[in-house]
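Reading through the structure tokens given below for one structure.
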Amino acid sequence: MLKQRILTALVLLPLMIGMLFGADNNLWAAFSGLISLLALWEYARIAHFTTIQNALYLLVSAAGGGCLYFYNQQTALPLWAQIIVLLFWLIIVPVWLKFKWKIKANLLGVMIGWLLMVPFWQALIYLRPDSHAAGTLLSIMVLVWIADIAAYFVGRAVGKRKLAPIISPNKSWEGAIGAVICVAIYTTVLQHQGWLPVILPWWQTLCLAFVLTAVSICGDLLESWLKRAGGVKDSSQLLPGHGGVFDRVDSLIAVLSVYAALMACFGVK
């Protein structure tokens, strides 16, 4: 398993970095669209869409995304949609995790899939308008990875109080606090070096770090709950040793969607 994880990472990491810094806008939109479609396919499998339903779902999603990008040249969701994204991740998802709602292969399930993946895809495009902005997008991705790694190791070392014992028994409050502290340090360093994409007062930067860390954890927990409710261990086996694409981008979906929505709502980028 470890060998598979390493080999898969050795293939995927250079591909991701190469596309992030080297692809033109259209190629990047297609690449990030592929990631989103694969995660959507896995989501539909978790929700127990039939094979035909899933195929139609992906076909309609791909066609709609293509029209959105090529015909409207849309690189950011409209303001009303960004507000819905914020309401979904900041209010609805925590309530969802508390009451442990289940999804089904119905119209609501279709809409939730789009609410997860369309803002994610649009955020990948919006936050990287060209290759010169790749570092900005990468800095937000690194924030998510730091939160994930810190939560894991701090939780493993000193974790005692379970964060969500039914959804994800290994996650702890201590790990979550460790993630917040590490992300706060990371964003402080970025701000000091002038590497943050937006200039904010120090306390606002820490507030943003806290919100994004909390959203990252919620994204991870939501995907864990969807799998548990759907009776599956991994979203798929597309990535040997890593499970599926949805397994790897669950926190990124949440954080990039919320970050892009905040930037759009406050008129900054």
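Computed from heavy atoms alone, side chains included, the values below leave out hydrogens, waters and symmetry copies.
- Side chain of Trp121 to main chain of Leu37: no donor-acceptor pair is present (N/O by atom type, distance under 3.5 Å, no hydrogens or angles).
- With a 6.0 Å radius and a threshold of 12 heavy atoms from other residues, nucleotides or ligands, Lys100 has its NZ atom above the threshold.
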* **Audit row: Phe246, Asp234, side chain to side chain contact (heavy atoms under 4.5 Å, CB included) steps and yes/no** => CA-CA 9 Å; Phe246 197 10; Asp234 295 316; over 6 Å; no
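- The distance from atom CG of Leu38 to atom OG of Ser235, rounded to the nearest 0.5 Å, is 10.0 Å.
- Counting only heavy atoms from C-beta outward, the side chains of Val154 and Ile177 never approach each other to under 4.5 Å.
- No more than 12 heavy atoms of other residues, nucleotides or ligands lie within 6.0 Å of CZ in Phe153, so this atom counts as exposed by the packing criterion.
- Contact of the Trp96 side chain with the Ile112 side chain is registered, since non-hydrogen atoms from C-beta on lie closer than 4.5 Å.
- Trp41 is not connected to Leu56 by any chain of hydrophobic side-chain contacts under 4.5 Å among Ile, Leu, Val, Met, Phe, Trp and Tyr, and they are in different clusters.
- Val95 and Phe88 fall within the same hydrophobic cluster, defined by Ile, Leu, Val, Met, Phe, Trp and Tyr side-chain heavy atoms under 4.5 Å apart, directly or through other members.
- Checked by atom type and distance alone, the side chain of Ser36 pairs as donor or acceptor with a backbone atom of Ser32 at under 3.5 Å.
- In this structure, Asn54 contributes its side chain and Thr51 its backbone to no donor-acceptor pair below 3.5 Å.
- For the atom pair Glu42 CD and Asp247 CG, the distance stands at 6.5 Å (nearest 0.5 Å).
- Here the closest heavy-atom approach between residue Gly159 and residue Ser172 is recorded as CA-OG, 3.5 Å.
- Leu124 places a side-chain heavy atom less than 4.5 Å from the side chain of Leu137.
- At a threshold of 4.5 Å between non-hydrogen side-chain atoms, the residues Leu256 and Val144 do not count as touching.
- Atoms OG and CD1, on Ser216 and Ile146 in that order, are 11.0 Å from each other to the nearest 0.5 Å.
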* **side chain to side chain donor-acceptor pair (under 3.5 Å) assessment of Ser251 paired with Asp220** => CA-CA 5 Å; Ser251 294; Asp220 192 351; 4.5 Å; no
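- With a 4.5 Å cut-off on side-chain heavy atoms, Ile167 and Lys162 do not count as touching.
- Using modelled atom types, no side-chain atom of Ser257 and backbone atom of Ala254 make a donor-acceptor pair closer than 3.5 Å.
- The CD1 atom of Ile35 sits 9.0 Å away from atom CG of Leu252, with the distance rounded to the nearest 0.5 Å.
- No side-chain heavy atom of Met117 sits under 4.5 Å from any side-chain heavy atom of Ser61.
- Here the side chain of His48 pairs a donor or acceptor atom with the backbone of Gly230 at under 3.5 angstrom.
- Taking hydrophobic clusters as Ile, Leu, Val, Met, Phe, Trp and Tyr residues chained together by side-chain heavy-atom distances below 4.5 Å, Leu208 does not share a cluster with Trp203.
- Taking every heavy atom of both residues into account, Ala23 and Ser131 meet most closely at O-CB, 4.4 Å.
- The closest side-chain heavy-atom distance from Leu77 to Tyr126 is not below 4.5 Å.
- Of all non-hydrogen atoms in Ala260 and Ala123, the two that sit nearest each other are CB-CB, 3.7 Å.
- Remark: Tyr186 pairs with no residue by the ring pair (Phe, Tyr, Trp, His ring centres under 6.0 Å) rule, at least two apart or across chains.
- Annotation: Tyr57 is in aromatic contact with Trp114 [ring centroid separation under 6.0 Å].
- In the hydrophobic cluster analysis, where Ile, Leu, Val, Met, Phe, Trp and Tyr join through side-chain heavy atoms closer than 4.5 angstrom, Leu206 is grouped apart from Leu262.
- No more than 12 heavy atoms of other residues, nucleotides or ligands shown are found within 6.0 angstrom of CD1 on Ile166.
- Closest non-hydrogen pair, Cys265 versus Gln82, comes out as SG-CB, 4.0 Å.
- Here CD1 of Ile185 is found 12.0 Å from CG of Leu190. Values are rounded to the nearest 0.5 Å.
- Between the CG atom in Asp24 and the CE atom in Met19 there is a gap of 8.5 Å [rounded to 0.5 Å].
- For Trp173 (side chain) and Lys160 (main-chain N/O), no donor-acceptor pair under 3.5 Å exists by modelled atom type.
- No donor-acceptor pair closer than 3.5 Å links the side chain of Asp130 to the backbone N or O of Asn25.
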* To do: Start with the C-alpha distance between Trp89 and Ile253, add both sets of side-chain angles, then the distance that settles side chain to side chain contact (heavy atoms under 4.5 Å, CB included), and finish with yes or no.
  => CA-CA 10 Å; Trp89 282 110; Ile253 288 170; 4.0 Å; yes
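- Linking Ile, Leu, Val, Met, Phe, Trp and Tyr whenever their side-chain heavy atoms come within less than 4.5 Å leaves Leu143 and Ile149 in two separate clusters.
- Between the side chain of Tyr43 and the backbone N or O of Glu223, no donor-acceptor pair lies under 3.5 Å.
- You'll find the side chain of Tyr152 stays beyond 4.5 Å of the side chain of Asp148, heavy atoms only.
- Counted within 6.0 Å of CH2 on Trp202, heavy atoms from surrounding residues, nucleotides or ligands total 12 or fewer; the atom is thus considered open.
- Between Phe99 and Trp101, the ring-plane angle classifies as parallel under the 30° and 60° cut-offs.
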* Show the numbers, then the answer: is there a side chain to side chain contact (heavy atoms under 4.5 Å, CB included) between Leu138 and Phe21? => CA-CA 10 Å; Leu138 182 61; Phe21 285 92; 3.9 Å; yes
* What's the verdict on side chain to side chain contact (heavy atoms under 4.5 Å, CB included) for Val110 and Val60, showing C-alpha distance, side-chain angles and the deciding distance? -> CA-CA 11 Å; Val110 169; Val60 171; over 6 Å; no
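- Cys218 approaches Leu97 most closely through the heavy-atom pair O-CD1, 4.1 Å.
- Side chain of Asp250 to main chain of Leu222: no donor-acceptor pair is present (N/O by atom type, distance under 3.5 Å, no hydrogens or angles).
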